[in-house]
Amino acid sequence: MSNNNVRRFRQEQGYTLKKFADKAGVSFSYLCHLEKGSRKNPSRDVMKKIASALNKSIAETFFSEE
């Protein structure tokens, strides 16, 4: 799942990695690895937290090829 839109959506909304990690309730390092693609297959709970913090659906955040 290295082709996710987390970084793009986060940057579009003006969040730094640190501020967004705090908002989403996910660790900074986990989010960093997820955005880089070195961390794959996050749990549904983590996907839900991140998508919710971005005001996006899980599908468009993690499975859309935009």
Side-chain angles (χ1 to χ4, degrees):
M1 182 178 299
S2 60
N3 295 332
N4 65 61
N5 295 307
V6 176
R7 176 179 283 155
R8 181 171 64 88
F9 290 153
R10 174 183 61 78
Q11 290 175 335
E12 286 175 358
Q13 294 182 24
Y15 288 110
T16 64
L17 195 58
K18 174 68 174 129
K19 286 197 183 263
F20 184 71
D22 291 342
K23 178 179 174 140
V26 178
S27 76
F28 173 86
S29 61
Y30 184 94
L31 189 59
C32 184
H33 288 288
L34 187 64
E35 285 190 356
K36 288 181 179 180
S38 58
R39 176 77 179 187
K40 296 176 174 47
N41 301 319
S43 69
R44 181 157 175 80
D45 184 51
V46 168
M47 288 191 289
K48 193 175 190 180
K49 286 179 180 182
I50 291 171
S52 178
L54 291 167
N55 295 314
K56 304 285 184 182
S57 70
I58 290 174
E60 65 189 323
T61 304
F62 291 95
F63 301 106
S64 178
E65 302 214 11
E66 293 179 18

Value for NZ (Lys40) from CG (Asn4), rounded to nearest 0.5 Å, stands at 10.0 Å
Would you say Asn5's side chain and Phe62's backbone share a donor-acceptor pair under 3.5 angstrom? no
Any Leu17 side-chain heavy atom under 4.5 Å of Glu35 side chain: yes
Could you please spell out the steps behind the side chain to side chain contact (heavy atoms under 4.5 Å, CB included) verdict for Leu34 and Ile50? CA-CA 11 Å; Leu34 187 64; Ile50 291 171; 3.6 Å; yes
Compile the donor-acceptor pairs under 3.5 Å between side chains in residues 20-29 and protein atoms, sequence neighbours left out, one pair per line.
residue: Asp22; atom: OD1; partner: Lys18; partner atom: NZ; Å: 3.1
residue: Asp22; atom: OD2; partner: Lys18; partner atom: NZ; Å: 3.4
residue: Lys23; atom: NZ; partner: Tyr15; partner atom: OH; Å: 2.7
residue: Ser27; atom: OG; partner: Tyr30; partner atom: N; Å: 3.1

With distance as the sole test, does Gln13 use its side chain to make a donor-acceptor pair with the main-chain N or O of Arg10 at under 3.5 Å? no
What residue pairs, at least two apart or across chains, pass side-chain hydrogen bond (donor to acceptor under 3.5 Å, both in side chains) with a residue in residues 44-56? none
